[in-house]
Enquirer: 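To start, I am sharing the structure in question, which I have written as structure tokens.
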Amino acid sequence: MPRTRRLGFAVAAVPLVAALSGCSVVAAFTPHVDPAIYDTAKEFNAANTSRIGSPSFVPDDATVIRVDYDTQTGEAIMTFTSPTLLKKDVCKLTNVAPPKPTIQDSWWPISGIPANASYSCPGGWSGFTIAQQVYAIRPATAATHK
């Protein structure tokens, strides 16, 4: 059988294998990240946030709260707008750079991230601010989360 024909059969077989194996082939190539957007802190607090570490540092005046959660590693990133920035006396300012997330999203900043200042917050979260925007990351955990 000529080489070109074998390649054609191989390419044609991929959709068949994917169809027969269900979503497992597709799932293997897609990120396991669940995104969520909440309009207000009230809506966010009413949601079940225990799988992302129940971020108690989100102030009551926070709006447009975006969260991306990796269901395989437990890593999460979050952003929200707030004139208060963080709930009072919940996080501690450190002189450590925030960790770099492996989750990619268009709203995560690529510049302006403080090199030696971040907040250490409950639930394993680290946060930083740019103007009235708060960004936070919870690094991957050793356990797999569902």
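In what follows, every heavy atom counts, from backbone to side chain, and hydrogens, waters and symmetry copies are set aside. Here, residue 1 is the first one in the sequence, and each next residue gets the next number. All of these numbers come straight from a predicted model, not from anything done at the bench.
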Enquirer: Which word best sums up how the rings of Y135 and F128 line up, parallel for under 30°, tilted for 30 to 60°, or perpendicular for over 60°?
Expert: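 Correct class here is parallel.
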Enquirer: Give the C-alpha distance, both sets of side-chain angles, the deciding distance and a yes or no for side-chain contact (heavy atoms from CB on, under 4.5 Å) between F80 and V64.
Expert: CA-CA 6 Å; F80 56 86; V64 190; over 6 Å; no
Enquirer: Heavy-atom distance under 4.5 Å between the side chains of Q132 and P83, does that happen here?
Expert: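 Side chain of Q132 against side chain of P83, heavy atoms only: contact under 4.5 Å found.
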Enquirer: Looking only at non-hydrogen atoms, find the nearest pair between S82 and A62 and report the distance.
Expert: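 For S82 versus A62, the nearest heavy atoms are CB-CA, 4.1 Å.
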Enquirer: Please name the pair of heavy atoms, one in I130 and one in G112, separated by the smallest distance, quoted to 0.1 Å.
Expert: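 Heavy-atom minimum between the residues: CD1-O, 3.6 Å.
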Enquirer: So, taking the atom named CD1 in I77 and the one named CD1 in I103, what distance separates them when rounded to the nearest 0.5 Å?
Expert: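 Result: 5.0 Å between the selected atoms.
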Enquirer: Could you check whether any side-chain N or O of T73 sits under 3.5 Å from a backbone N or O of E75, counting only pairs where one atom can act as donor and the other as acceptor?
Expert: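 Such a contact is found between T73 side chain and E75 backbone.
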Enquirer: Contact between I37 and I65 at the side-chain level, heavy atoms closer than 4.5 Å - yes or no?
Expert: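 No; the side chains remain at least 4.5 Å from each other.
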Enquirer: Find the distance between CG (L93) and OG (S120) and round it off to the nearest 0.5 Å.
Expert: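 Spacing of CG (L93) from OG (S120) equals 10.0 Å.
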Enquirer: Answer with yes or no whether the side chains of T63 and T40 bring together a donor and an acceptor at under 3.5 Å.
Expert: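 No, T63 and T40 have no side-chain donor paired with an acceptor closer than 3.5 Å.
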Enquirer: Look up atom OG in S126 and atom CZ in R138, then write down how far apart they are to the nearest 0.5 Å.
Expert: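 Rounded to the nearest 0.5 Å, the OG-CZ separation comes out at 11.5 Å.
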Enquirer: Looking at side-chain heavy atoms only, is the closest gap between D70 and D68 below 4.5 Å?
Expert: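 Result no, sub-4.5 Å side-chain heavy-atom pair not found.
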Enquirer: Any heavy-atom pair between the side chains of L86 and V134 that's under 4.5 Å?
Expert: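 Yes, their side chains come closer than 4.5 Å.
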Enquirer: Indicate the atoms forming the closest heavy-atom contact of P122 with S56, along with that distance.
Expert: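 Closest heavy-atom pair between P122 and S56: CG-OG, 3.7 Å.
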Enquirer: V90 and W125: same hydrophobic cluster, using ILVMFWY side-chain contacts below 4.5 Å?
Expert: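 V90 clusters together with W125.
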Enquirer: So, W108 side chain and M78 main chain: donor-acceptor pair closer than 3.5 Å or not?
Expert: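 Judged by distance alone, no pair lies under 3.5 Å.
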Enquirer: Hey, any chance V33 and W107 share a hydrophobic cluster, counting ILVMFWY side chains that come within less than 4.5 Å of each other, even indirectly?
Expert: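 Yes.
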Enquirer: State, to 0.1 Å, how close Y69 and A76 come at their nearest heavy-atom pair, and which atoms those are.
Expert: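 Result for this residue pair: CD1-CB, 4.2 Å.
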Enquirer: Let's go through V58 and K87 carefully: what are the C-alpha distance in whole Å and the side-chain angles of both, what is the deciding distance for side-chain contact (heavy atoms from CB on, under 4.5 Å) to 0.1 Å, and is it a yes or a no?
Expert: CA-CA 6 Å; V58 177; K87 271 191 181 171; over 6 Å; no
Enquirer: Going by the salt bridge (Lys or Arg N to Asp or Glu O under 4.0 Å) test, which pairs reach into residues 33-48, not counting sequence neighbours?
Expert: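 Salt bridge (Lys or Arg N to Asp or Glu O under 4.0 Å) check on residues 33-48 returns D34-R51.
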